[in-house]
Amino acid sequence: MSTILITGANKGLGLETARRLLADGHAVWVGARDGVRGEQAAAELGGRFVQLDVTDQASVQAAAAKVEAEDGSLDVLINNAGIAGERVAVPDTTVEQLRHVYETNVFGLVRVMQAFAPLLLRSPSPVVVNVSSGMGSLTVTTDPERLESSIVGLAYPSSKTAVNMLTSQYAKAYPQMRINAVDPGYTATDLNQHRGIKTVEEGAQAIVWAARLGPDGPSGGFFDADGAVPW
Ligand code: NAP
């Protein structure tokens, strides 16, 4: 039984991942920025709610203090919280629009990682899952055979490319942890107004797989439900 924290777990892929890992018998912290939505999701699933807004330093620190006070350590951190940002044509995209998306998808991940790394280091088998996207892959987004190549934007794709590099660098810095990026695939959630073609059950597959990795599992990689994804 592992102690697991999922950011943005009140809906979408985070909620489904929480459901699956609770069904495995793990102790899951349902992280959510909104108290009402988070409490509701945690109660529905049978997990524990922790208020956590990845863009708010005080909130992230308080969440780490709460997990430390109750459990003393953390085995698995799933950095799932993410936003798509506005759909804006590339030439019209402003620095502010990029910064807005990076605050959650990039800086939020670093903030959470910094706060929870000390707790992860107390686990005998620490695991970090960074929920990235095929949209962050230079190879996938330039392959005309892939749907991702037809979606053109600055903020979200580049934020997920940053998530990939953060994953690679964190994996080198923490060889005692299994730290991987995963691509759920184009999944029907609020993020894309439910236009995605996968169900949340299918999309959560890669996240759950990476969360279950043991000490012999890979680290510093990028995976989807079918295996390795090119960077
Ligand atoms: P979603 O249904 O919109 O869920 C996003 C979650 O992130 C929500 O719980 C949301 O909370 C939370 N969140 C947003 N900003 C936050 C913040 N500042 N602090 C804490 N939580 C915050 O979208 P999803 O599709 O499940 O997305 C989950 C992850 O998968 C994201 O990282 C996304 O980029 C990635 N992904 C999705 C797809 C796809 O096709 N759906 C494909 C590839 C990757 P609120 O309810 O409070 O807004």
Kindly check if the number of other-residue, nucleotide or ligand heavy atoms within 6.0 Å of [atom1] ([X]) is above 12?
X: Arg195; atom1: CZ; result: yes
X: Gln169; atom1: CD; result: yes
X: Gln114; atom1: CD; result: no
X: Glu145; atom1: CD; result: no

Enter the distance from [X]:[atom1] to [Y]:[atom2] here, rounded to the nearest 0.5 Å.
X: Asp190; Y: Lys11; atom1: CG; atom2: NZ; value: 4.0 Å
X: Gln205; Y: Asp226; atom1: CD; atom2: CG; value: 10.0 Å
X: Trp209; Y: Phe223; atom1: CH2; atom2: CZ; value: 4.5 Å
X: Lys172; Y: Ser219; atom1: NZ; atom2: OG; value: 11.5 Å
X: Asp224; Y: Ile207; atom1: CG; atom2: CD1; value: 12.0 Å

inquiry  = Walk me through whether Arg19 and Val28 qualify under side-chain contact (heavy atoms from CB on, under 4.5 Å).
reply    = CA-CA 9 Å; Arg19 189 191 316 280; Val28 176; over 6 Å; no
So, are [X] and [Y] salt-bridged, with charged N and O less than 4.0 Å apart?
X: Asp216; Y: Arg178; answer: no
X: Arg20; Y: Glu16; answer: yes
X: Glu39; Y: Arg48; answer: no

Which atom names give the shortest non-hydrogen contact between [X] and [Y], and what distance separates them?
X: Ala84; Y: Val101; answer: O-CG2, 4.1 Å
X: Ala206; Y: Ala225; answer: CB-N, 3.8 Å
X: Lys160; Y: Val131; answer: NZ-O, 2.9 Å
X: Gly136; Y: Asn164; answer: O-ND2, 3.5 Å
X: Pro215; Y: Ser125; answer: CD-OG, 3.4 Å

* Could you walk me through whether Ser132 and Asp183 pass the side chain to side chain donor-acceptor pair (under 3.5 Å) test, one step at a time? => CA-CA 5 Å; Ser132 180; Asp183 172 22; over 6 Å; no
Sorted by first residue and then second, give each side-chain hydrogen bond (donor to acceptor under 3.5 Å, both in side chains) pair with at least one member in residues 25-37; sequence neighbours left out.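 Listed once each, the pairs are Trp29-Asp71.
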[X] with [Y], same ILVMFWY side-chain cluster at under 4.5 Å:
X: Leu74; Y: Leu52; answer: yes
X: Val182; Y: Val106; answer: no
X: Met177; Y: Val112; answer: yes
X: Val229; Y: Met165; answer: no
X: Tyr174; Y: Leu166; answer: yes

- request: Applying side-chain contact (heavy atoms from CB on, under 4.5 Å), run through Asp92 and Gln97 and close with a yes or a no.
  value: CA-CA 10 Å; Asp92 301 330; Gln97 285 162 335; over 6 Å; no
Side chain of [X], backbone of [Y]: donor and acceptor closer than 3.5 Å?
X: Thr17; Y: Val208; result: no
X: Ser123; Y: Leu119; result: no
X: Asn10; Y: Ala41; result: no
X: Asn180; Y: Gly220; result: yes
X: Thr161; Y: Leu138; result: no
X: Thr141; Y: Met135; result: no
X: Ser149; Y: Thr142; result: no

Taking the side chain as every heavy atom from C-beta outward, state whether [X] and [Y] have any pair of such atoms under 4.5 Å apart.
X: Leu15; Y: Leu45; value: yes
X: Tyr170; Y: Leu109; value: yes
X: Tyr102; Y: Ser158; value: yes
X: Ile4; Y: Leu77; value: no
X: Thr3; Y: Val76; value: no
X: Glu202; Y: Thr187; value: no
X: Val90; Y: Val152; value: yes
X: Leu5; Y: Phe116; value: yes

| Passes side-chain contact (heavy atoms from CB on, under 4.5 Å), Thr7 versus Ile78? Steps please. | CA-CA 6 Å; Thr7 65; Ile78 303 180; over 6 Å; no
Would you check, one step at a time, whether the test side-chain contact (heavy atoms from CB on, under 4.5 Å) holds for Tyr186 with Leu147? CA-CA 9 Å; Tyr186 193 33; Leu147 171 74; 3.6 Å; yes
Exercise for review: Show your reasoning for whether side chain to side chain donor-acceptor pair (under 3.5 Å) applies to Thr167 and Asn130.
Suggested key: CA-CA 7 Å; Thr167 302; Asn130 292 329; 3.0 Å; yes
Examine the side chains of [X] and [Y] and answer whether a donor and an acceptor come within less than 3.5 Å of each other.
X: Gln61; Y: Arg111; answer: no
X: Glu148; Y: Ser137; answer: no
X: Asn105; Y: Ser159; answer: yes

Applying ring-ring contact (aromatic ring centres under 6.0 Å, His included), can you list everything that pairs with Tyr156, at least two apart in sequence or on another chain?
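Checked Tyr156 against ring-ring contact (aromatic ring centres under 6.0 Å, His included); zero matches.
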With sequence neighbours left out, the residues meeting salt bridge (Lys or Arg N to Asp or Glu O under 4.0 Å) with Lys198 are none
